[in-house]
Amino acid sequence: MTTDAPTDAETDLAVELRNVDKAFYGVKANDNVNFRLARGEVHALLGENGAGKSTLCSILAGLYRPDAGEMFLNGAPTVFKSPKDALASGVGMIYQHFRLVPNLTVAENFALGHPSTGIRLDQKKLQEEAAELGDRYGLPIDPSARIWQLSVGEQQRVEILKLLYRNVDVLILDEPTAVLTPQESKQLFKTMRQMADEGRSVIFVSHKLREVKEVSDSVTVLRHGRNVGGVATADAEAEDLARMMVGRDLVLPARTDTTQPGSVVLAVTDLRVEGDRGLEVVSGVSFEVRAGEIVGIAGVSGNGQRELALGLNGLRTPTAGRVFITNFDVTKASVLAHIYAGMSYVPQNRLGVGLAPGLTTEENLALKAFRQPPYSRGRRLVPSAFRSEGARQIEQYDVRGVRPGLPIRLLSGGNLQKALIAREIEMGPKVLILHSPTRGLDVGATQTVRQLALAERARGVGVLLISEDLDELLALSDRLLVMYEGEIVGQMNTEDATAERLGLLMAGKRQGEQT
Ligand SMILES: Nc1ncnc2c1ncn2[C@@H]1O[C@H](COP(=O)(O)OP(=O)(O)OP(=O)(O)O)[C@@H](O)[C@H]1O
Ligand SMILES: [Mg+2]
């Protein structure tokens, strides 16, 4: 149990912000924020998408200069001119998007920008130091590996070790677990705790309240750019935190009814798909999805899920096997043919594959349907339809933060996802592929997206849910398949599934091998 904060808390503060403001295009991302980070604590930063968490972190890490307000480091007034400046003072941040140099080795990335790095690199010494640090913090890495050869989880380890190599006292992690497997997250939490025990401070941003409960000592909640309160983690339940974030009670929807699924809308037999480097990464996958059911595909990312999705929707031609949407063979068909056959796809990579970052929200919403009425009449586009349809969908799907004429990439993560799902559902699909649909989304947006998936199921759409989030898979799916190294290694009805059983299959223990 955590007791009340010590009365001499001021002396224990690693960082303090007072009355900090930061606006973008006249919208306040941080509004008069006070924030206190104690030495030796893991401090969670919570808030809805767009609440201003990344902005606050970026101010602390010297990336943004606040418009107003003060910062104190170890009690002394401080102004960071750049992230480099912050790092020199012991404050380092892991961004949502990593900043490693892909062609360099792990050890070389360590040396990059380090003050003691001279003209010549002592490769051997660097590699030894990198490996030693990895062992000490339970983050094993191969220091001679090149960054591009590493999984996202491994790249994150390198980022963290790189900051530890620079001996940071304050480590800021902006949604680090959004890209990690449950096992990797567990390991990261151990490292975070170890750092706190050493007297360092960790700021942890996450939308997963269970993680916040598990790893943090205290919580600060932002809402619309304002600090709306803080608590000792032990004094709040996950529901309390959710309420602080959104200002109302929240229940995550789950599938409650068992329906009688209809006819097969997606049939996949012995599908084989190659990865980016020309190696087969989907190795003979077969399954069916029926109308009105949600089929979940569980698996640690990197086991062929992405390529499976690409192979199913025509973005990558399979090397063998068959894909049918209802009774149309679309195996070798174009992306457009897949769309016309009734397939909608919500990819994991929203801004890379799903949306056109530089176009407006209205344009993005129309991106697939603009050849059809009401967007076009004959061969002429109807501008008013873009506006009216856009306005309707923005309202109906609760896409927030849209500013007329500005590119969609300025929306926060959750709102990008709602826009993308709106467009895909508006196509009236027979098959809907959702890949990690709530990754990085706040609880409110997650609730909306889950409701939408369940509504599609109720409407008779066959939904394929590819995810690493076991809670979500268990909550939404009628049936579950587990993918490992390009194959389906297990399947079960959700009623028979437990997180533990799925976890074992995801780790490569085949059904039958389990004891
Ligand atoms: N570089 C920028 N240019 C314009 N607007 C921005 C920029 N960065 C953030 N914003 C806006 O500032 C607000 C706060 O964004 P921020 O990224 O800090 O939110 P967040 O809490 O990290 O959200 P998420 O959970 O989606 O990551 C949002 O309205 C966002 O659109
Ligand atoms: Mg953010």
Side-chain angles (χ1 to χ4, degrees), residues 17 20-33 35 43-69 83 93-99 156 172-180 203-209 211-212 219-230 241-242 244-247 250 348-351 354-355 357-358 360-361 364 394 398-421 436-449 469:
L17 294 180
V20 161
D21 281 342
K22 178 73 189 175
F24 296 104
Y25 302 100
V27 178
K28 278 200 176 169
N30 283 166
D31 188 355
N32 197 23
V33 173
F35 177 74
H43 194 124
L45 197 53
L46 276 177
E48 291 185 277
N49 294 121
K53 304 178 296 295
S54 294
T55 304
L56 190 70
C57 292
S58 301
I59 288 172
L60 289 169
L63 184 69
Y64 295 153
R65 291 280 288 278
D67 302 334
M93 173 164 171
I94 310 285
Y95 295 86
Q96 275 172 287
H97 308 283
F98 304 152
R99 306 186 162 196
Q156 187 185 73
I172 304 167
L173 298 161
D174 193 359
E175 293 196 43
T177 59
V179 294
L180 297 185
I203 294 177
F204 173 63
V205 180
S206 174
H207 290 292
K208 299 177 191 166
L209 300 177
E211 296 183 345
V212 169
V219 180
T220 292
V221 180
L222 295 182
R223 200 194 306 159
H224 305 310
R226 291 165 176 267
N227 180 342
V228 293
L241 297 175
M244 284 174 79
M245 276 164 67
V246 296
L250 268 176
Q348 197 177 17
N349 181 356
R350 289 154 210 165
L351 278 179
L355 297 164
T360 66
T361 303
N364 268 284
I394 287 164
D398 191 26
V399 184
R400 296 184 206 172
V402 178
R403 278 165 271 172
L406 287 185
I408 196 166
R409 71 180 147 75
L410 295 179
L411 295 185
S412 76
N415 289 302
L416 282 175
Q417 184 70 329
K418 285 187 266 182
L420 181 53
I421 292 182
S436 302
T438 62
R439 190 166 82 174
L441 266 54
D442 67 49
V443 280
T446 297
Q447 185 184 38
T448 310
V449 167
D469 182 339

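Whatever order the structure lists ligands and atoms in, that order sets their numbers, starting from 1.
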Pairwise distance CG(D442) to OG1(T438) - rounded to 0.5 angstrom: 10.5 Å
Give yes if a backbone or side-chain nitrogen or oxygen of L410 is under 3.5 Å from a nitrogen or oxygen of ligand 1, and no if not. yes
Heavy-atom contact check, 4.0 Å cutoff: does D442 meet ligand 1? no
4.5 Å side-chain heavy-atom contact, V443 and M245: yes
The Mg ion (ligand 2) contact by T55, N, O or S atom under 2.8 Å: no
Starting from atom 26 (O) of ligand 1, what is the nearest protein heavy atom, named by residue and atom, and what distance separates them? N49 ND2, 2.9 Å
Atom 12 (O) of ligand 1: the protein heavy-atom neighbour that sits closest, reported with distance to 0.1 Å: A29 CB, 3.4 Å
Write down the atom of S206, the atom of E211, and the distance for their closest heavy-atom approach. OG-OE1, 3.0 Å
Pairs of nitrogen or oxygen atoms closer than 3.5 Å, one from L411 and one from ligand 1: do any exist? no
Ligand 1 atoms in contact with Y64 (distance to a heavy atom under 4.0 Å): 1 (N)
Show, in sequence, the C-alpha distance, side-chain angles and deciding distance for Y64 and N30, and conclude whether the side chain to side chain contact (heavy atoms under 4.5 Å, CB included) test is met. CA-CA 11 Å; Y64 295 153; N30 283 166; over 6 Å; no
Using distance alone, with no hydrogens and no angle criterion, decide if S54 and D174 have a side-chain donor and acceptor under 3.5 Å apart. yes
Pair F35-V20, side chain to side chain contact (heavy atoms under 4.5 Å, CB included): steps then yes or no: CA-CA 9 Å; F35 177 74; V20 161; over 6 Å; no
Would you say T446 and H207 are linked by a side-chain donor-acceptor pair, where the criterion is simply a distance under 3.5 Å? no
Applying a heavy-atom cut-off of 4.0 Å, say which part of H207 lies close to ligand 1: side chain, backbone, both or neither. side chain
Could you walk me through whether K208 and T177 satisfy the side chain to side chain contact (heavy atoms under 4.5 Å, CB included) test, starting with their C-alpha distance in whole Å, then the side-chain angles of each, then the deciding distance to 0.1 Å, before giving a yes or no? CA-CA 9 Å; K208 299 177 191 166; T177 59; 4.2 Å; yes
Quick check on contacts: which atoms of ligand 1 are under 4.0 angstrom from a heavy atom of Y25? 3 (N), 4 (C)
For atom 3 (N) of ligand 1, grab the closest protein heavy atom and report residue, atom and distance to one decimal in Å. F24 CD2, 3.7 Å
In this structure, atom 17 (O) of ligand 1 is nearest to the protein heavy atom S54 CB, 3.7 Å
With heavy-atom distances below 4.0 Å as the criterion, list the atoms of ligand 1 near E48. 21 (O)
Mind listing the closest non-hydrogen atom pair of A29 and T55 along with its distance? CB-OG1, 3.7 Å
Students should be able to answer this: which protein heavy-atom is nearest to atom 15 (O) of ligand 1, and at what distance? T55 OG1, 3.9 Å
Apply side chain to side chain contact (heavy atoms under 4.5 Å, CB included) to residues R226 and V33 and explain how you reach the verdict. CA-CA 6 Å; R226 291 165 176 267; V33 173; 5.8 Å; no
Is the closest heavy-atom distance from G52 to ligand 1 below 4.0 Å? yes
Throw together a table of side-chain donor-acceptor distances under 3.5 angstrom for residues 403-416, partners on residues two or more places apart or in other chains.
{"residue": "S412", "atom": "OG", "partner": "N415", "partner atom": "ND2", "Å": "3.1"}
{"residue": "N415", "atom": "OD1", "partner": "R400", "partner atom": "N", "Å": "2.9"}
{"residue": "N415", "atom": "OD1", "partner": "K418", "partner atom": "NZ", "Å": "3.4"}
{"residue": "N415", "atom": "ND2", "partner": "R400", "partner atom": "O", "Å": "3.3"}

Would A51 count as a polar contact of ligand 1, with the cut-off being nitrogen or oxygen pairs under 3.5 Å? yes
Considering only protein heavy atoms, which is closest to atom 27 (O) of ligand 1, and at what distance to one decimal place? E175 OE2, 3.5 Å
Heavy atom of the protein closest to atom 29 (O) of ligand 1 (residue, atom name, distance): G50 O, 4.2 Å
For G401 and ligand 1, answer yes if some heavy atom of the residue is under 4.0 Å from a ligand atom, otherwise no. no
Tell me, which protein residue and heavy-atom name are nearest atom 25 (O) of ligand 1, and how many Å apart are they? K53 NZ, 2.8 Å
Any side-chain heavy atom of R439 within less than 4.5 Å of one from Q348? yes
